[in-house]
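Please read the structure below before turning to the comments.
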Amino acid sequence: MATDLQKEFCSLRDTYIEKQFGRLNEMQRQAVFTTSGPLLILAGAGSGKTTVLVNRIANLIRFGSAHGSSYTPRPAADEDLRALRTAIMTGTDVPAWLDGMMRCEPARSWNIMAITFTNKAAGELKARLRSMLGDEEGDEVFASTFHSACVRILRRYAEEIGWPRSFTIYDTDDAQRVMKALYKEQNVDEKFYPVRSMLNQLGRWKDQLTAPADAAKEAAGKTKPELAARLYGLYEKRLQEAGAFDFDGLIYYTVRLLQEHKEARDYYQNRYHYLLVDEYQDTSVAQFQLVSLLTGPAQNICVVGDDDQSIYRFRGATIENILNFERYYPGARVIRLEQNYRSTSNILNAANCVICHNTERKGKTLWTKNGEGAPVHVYQAEDDREEAAHIAEVIGQHLRAGGRLSDHAVLYRMNAQSAPLENYFTRAGIPHKIVGGQRFNDRKEVKDIHSYMSIVANPRDDVRLRRIINEPARKIGASTVDTIAELAGQEGVSMMDIISHADEYARLSRAVGPLLKFWQIYQALQQALDTCPLDLFAEKVIELTGYRQMLRQQAAAGHREEAEDRENNLAQLVNNVKNYCDTRGVDASLEGYLEEIALISDIDSYNADADQVVMMTIHSAKGLEFPYVFLVGMEENIFPGSMSLYSEEDLEEERRLAYVGITRAKQELYISHCATRMLYGRTCYNEPSRFLSEIDPAYLETTRSPALERPSRPSWGSLGDTVPGGASGYSGPSGRAAAPRSGYLNREYNAPARGGAGRAPAFPGAPAARPAAPRPAAAPAGARRYAPGDVVMHKVFGRGVVTRVTPAAGDLIVEIRFDKVGVKKTMANFAPLTKVSEGEA
DNA sequence: TTGGCTGCCTTTTTT
DNA sequence: AGGCAGCCAA
């Protein structure tokens with residue numbers, strides 16, 4: 001029986017704990033104080049879910065389930081109450097001797113596991129835990145991505161399920177190579193069943209935990225599924241032989257391991273008492289199963305997600321996980337976080353309007369105490385180029401008013417849309433960064449060198465071996481490689497084993513020279529690994545394999561630009577290895593490095609600090625926020641994409657994507673669409689997106705391009721205003737100069753390759769052979785010449801004075817000191833620049 | 001075996 | 001438009 005003193009102590013303790021989390025709103029606090037049992041937090045965009053996660057972990061560690069309980073480890077004394085009251089009043093921590101009474105069944109930090117989807121999210125979580133709990137305690141919480149968590153588990157138990165401890169991780173490209181090899185062996189026609197869709201199918205099976213045998217049963221009698229199921233079995237076998245997992249395999253086999261091996265299961269269930277899962281709406285069946293296996297009977301599982309932001313259904317995410325959470329876990333608590341701290345109400349209302357049109361959702365309406373803000377700007381552009389110009393102009397206005405470039409993000413549906421924007425931005429001299437698209441580690445030369453490094457770490461890795469055995473060319477052709485593979489298959493050894501005694505096989509006699517030479521190179525690499533630090537090893541790989549020499553030759557043979565680029569990328573690779581060594585110190589290992597690069601992506605290295613406009617797909621932008629967001633290409637066939645127009649489910653996913661895009665904006669949102677656009681080399685006329693018409697016009701402010709107000713005028717009629725004298729390219733005095741290679745202007749130097757031709761289009765996409773005739777008088781021939789002292793008007797940066805002019809690559813680099821935004825460099829032929837007055841020559 | 005040319009296809013993609 | 005795969009000629 002609790003004494004009155006104890007009761008009072010508990011109530012004061014509640015007050016104290018509440019105050020510790022006083023900056024949270026009521027719903028957030030409820031989420032934090034629900035410490036045990038299954039909990040589903042439906043967290044709307046911008047509702048502070050990371051804050052909730054971090055605070056919930058902090059509460060688990062500092063107070064456990066003390067809040068709202070009547071537990072005290074010993075009878076409370078007057079002195080205890082007094083100290084507690086003081087702490088509450090002064091806002092200080094309780095004295096150490098009270099610590100024991102403040103907590104009930106607290107968790108230790110190493111008993112907590114938090115799983116996210118991206119390295120970036122995991123990193124952010126870790127950083128915030130460190131700052132809340134202190135470095136030491138914060139680091140002890142296991143926060144990682146699904147995939148790294150699985151790698152960690154498999155590194156411990158892989159042998160239990162027949163994989164080597166030092167397994168390799170295959171990316172999509174590796175997987176494709178395996179599948180293509182299988183197609184060849186099995187005489188499957190790629191046109192009958194494209195490799196991509198085949199791999200998608202296998203991925204879906206793995207996401208759904210369907211084993212090859214079950215897939216075969218399910219597929220019986222249907223030609224295509226039967227083929228897929230057969231290849232599924234072969235593919236998995238092939239990967240096991242290579243000692244590799246693909247991305248889906250990492251999850252799939254971890255689940256299998258935990259299902260089948262009690263010891264492994266018990267280990268993790270005893271180790272982790274509390275599980276938290278972020279972005280739960282993006283989990284697959286397999287990931288759900290993984291989580292529930294790790295949770296064990298205690299069911300202390302907390303998942304955070306937003307069904308309205310589920311945008312990876314196409315990759316196996318099942319929105320049902322979130323919709324059915326309560327069915328899986330009877331008695332689960334559901335808490336909705338609907339207060340938004342990010343956006344203005346106009347932006348939020350627009351987002352709500354759009355998402356309301358979906359039927360498959362839990363239902364949730366975001367609101368905010370932030371003001372109404374500006375209406376959502378909708379701009380109808382003439383074409384994609386003019387859309388870019390308009391965005392640049394708006395950014396320019398903000399800059400002149402003191403805004404920062406990095407406050408602006410341009411978001412699009414697909415990577416292909418970045419090209420016209422990027423063109424305009426580089427030419428106008430607007431610093432920008434494209435996130436996503438071709439990743440550094442996906443570049444051919446980088447992948448090649450990594451493949452060499454992989455086969456040193458894992459000689460069984462036939463896929464990577466095939467990749468580089470003739471790269472650079474060493475007279476080991478496809479037929480030789482096939483023979484080796486066949487021999488390896490017959491003898492049940494790896495291809496490298498065959499190569500190491502190539503001279504013993506009559507069938508390889510023709511290629512025996514090159515093969516033994518390759519074997520020598522391989523041995524030299526192994527030796528280099530044993531004797532050098534890792535970064536030097538990487539350097540030696542580039543050298544010993546002849547890769548550098550090959551690039552040098554290509555450079556000499558007239559591909560200088562490309563070959564130099566590649567060599568620079570390899571230098572960067574060596575740099576990355578060095579960085580890896582520096583951060584890992586004595587723990588650095590080849591396997592560790594390869595694992596890291598396999599699991600890291602472009603968005604992870606996105607750094608919001610650099611003052612640049614960011615451009616990325618909406619998918620990549622999930623989880624990010626920006627004061628000013630431009631949502632471009634809001635057109636039917638683009639957004640929603642033409643592939644999704646005929647399926648209600650796909651359309652709903654597109655709509656969620658639109659919702660994600662809209663809710664990235666904090667202060668102002670600019671949505672634009674074009675009357676005309678170039679897509680796949682074809683001119684398209686797309687209607688404005690249906691998502692636009694779903695928004696109540698009360699939240700919108702619509703403007704059109706001036707060019708569209710005069711529909712009879714040819715479209716280029718307006719170009720002259722923005723690009724004076726565009727047609728008469730000034731060619732640098734001596735034609736092409738060597739391109740300097742620094743700064744954000746990098747790509748511009750290459751751009752005007754058509755340089756001195758005199759008929760170069762003002763912009764890509766502008767009519768190429770436009771005669772000099774219909775151009776406004778404001779742009780006389782020769783307007784492209786600038787001299788220091790000239791006063792110019794730039795469409796984005798405003799008024800400025802030319803400080804320096806340098807000829808380069810058939811164009812002029814004009815350095816201008818702008819009144820409002822400081823010194824910038826632009827290209828004379830392409831910048832939206834007008835001369836106001838001549839300087840003193 | 002290599003390289004060049006032609007013809008095809010084109011979403012999104014945290015890992 | 002552009003990147004890639006596949007085919008053919010040397």
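By convention in this document, chain letters (A, B, ...) are assigned in the order of the sequence lines, proteins followed by strands, and residues within each chain are numbered from 1.
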Which is true for A:R313 with a 4.0 Å heavy-atom rule: it touches a base, it touches only sugar-phosphate, or it touches nothing?
nothing
Please say which of A:L125, A:I41, A:V277, A:L129 ends up in a side chain to side chain contact (heavy atoms under 4.5 Å, CB included) with A:L53.
A:L125
So, is A:S620 near the phosphate of B:dT12, with a side-chain N or O under 4.0 Å from OP1 or OP2?
no
What are the 5'-most and 3'-most nucleotides of DNA chain C lying under 4.0 Å from any heavy atom of chain A?
C:dA1 to C:dG6
Students often get this wrong, so: under 4.0 angstrom with heavy atoms, is A:T480 touching a base, only sugar-phosphate, or nothing?
sugar-phosphate
Within the structure shown, what part of the strands sits under 4.0 Å from A:G641 by heavy-atom distance: base, sugar-phosphate, or nothing?
nothing
Are there more than 12 heavy atoms of other residues, nucleotides or ligands under 6.0 Å from atom CD of A:Q549?
no
Rounded to the Å, how far apart are A:L657 CG and B:dT12 P?
11 Å
For A:S148, answer base if it contacts any base atom (sugar-phosphate contacts may also be present), sugar-phosphate if it contacts only those atoms, and nothing otherwise; contact means non-hydrogen atoms under 4.0 Å.
nothing
Here the distance between atom C1' of B:dT10 and atom CD1 of A:I638, to the nearest Å, is 12 Å
Face-on cation placement of A:R155 at A:F167 ring, 6.0 Å and 45° thresholds
yes
Looking at residues at least two apart in the chain, or sitting in another chain, which of them share a side chain to side chain contact (heavy atoms under 4.5 Å, CB included) with A:P514?
A:K475, A:I476
Of the options B:dT11, B:dT1, B:dT12, whose atoms approach the side-chain atoms of A:T617 most closely?
B:dT12
Looking at A:R204 and A:D248, is there a salt bridge between them, counting it only when a charged N and a carboxylate O are closer than 4.0 Å?
no
Specify the separation, in whole Å, of atom NZ of A:K120 and atom P of B:dT14.
13 Å
Just how far, in rounded Å, is C1' of B:dT13 from CD of A:E279?
14 Å
Is A:N200 close enough to B:dT13 that one of its side-chain N or O atoms is under 4.0 Å from OP1 or OP2 there?
no
Distance alone, cut at 3.5 Å: any donor-acceptor contact between the side chains of A:Y659 and A:H357?
no
Quick one: are A:Q417 and A:M414 in side-chain contact, heavy atoms under 4.5 Å?
yes
Comparing A:R682 and A:H147 on DNA chain B - which has the more 5′ nearest nucleotide:
A:R682
Base, sugar-phosphate or nothing for A:I476? Non-hydrogen atoms, less than 4.0 Å.
sugar-phosphate
Stacking between A:Y312 and the base of B:dT13 (centre distance under 5.5 Å, interplanar angle under 30°)?
no
So which nucleotide from B:dT14, B:dT11, B:dT12 ends up closest to the side chain of A:K622?
B:dT14
Counting only side-chain N and O atoms of A:N637, is one of them less than 4.0 Å from OP1 or OP2 of B:dT11?
no
Take the protein atom CZ of A:R196 and the nucleotide atom P of B:dT10, then report the distance between them rounded to whole Å.
9 Å
Between B:dT11 and A:S644, is there an OP1 or OP2 to side-chain N/O distance shorter than 4.0 Å?
no
Evaluate the criterion salt bridge (charged side-chain N to carboxylate O under 4.0 Å, His left out) for residue pair A:E279 and A:K49; output intermediate values, then yes/no.
CA-CA 10 Å; A:E279 306 282 15; A:K49 66 170 182 159; 3.3 Å; yes
Where do A:S454 and A:R464 land on the side-chain hydrogen bond (donor to acceptor under 3.5 Å, both in side chains) test, with the steps shown first?
CA-CA 7 Å; A:S454 290; A:R464 302 245 163 94; 3.0 Å; yes
To the nearest angstrom, how far is A:L599 atom CG from B:dT14 atom C1'?
11 Å
Base of B:dT10 paired with side chain of A:R413 (donor-acceptor, under 3.5 Å):
no
Could you check whether A:N470 gets within reach of a base, just the sugar-phosphate, or nothing at all, counting any heavy atom under 4.0 Å?
sugar-phosphate
Could you check how far CD of A:E471 sits from P of B:dG3, rounded to whole Å?
10 Å
Classify the nucleic acid contact of A:A473 as base, sugar-phosphate or nothing, counting any heavy atom under 4.0 Å across all strands shown.
sugar-phosphate
Side-chain contact check for A:D282: nearest option of B:dT12, B:dT2, B:dT14 is B:dT14
For A:E190, report the nucleic acid contact type (base, sugar-phosphate, nothing); a contact means any heavy atom under 4.0 Å.
sugar-phosphate
Whole-Å distance separating the CG atom of A:L411 from the C1' atom of B:dT11:
16 Å
5′-ward residue of the pair A:F117/A:M643 relative to DNA chain B
A:M643
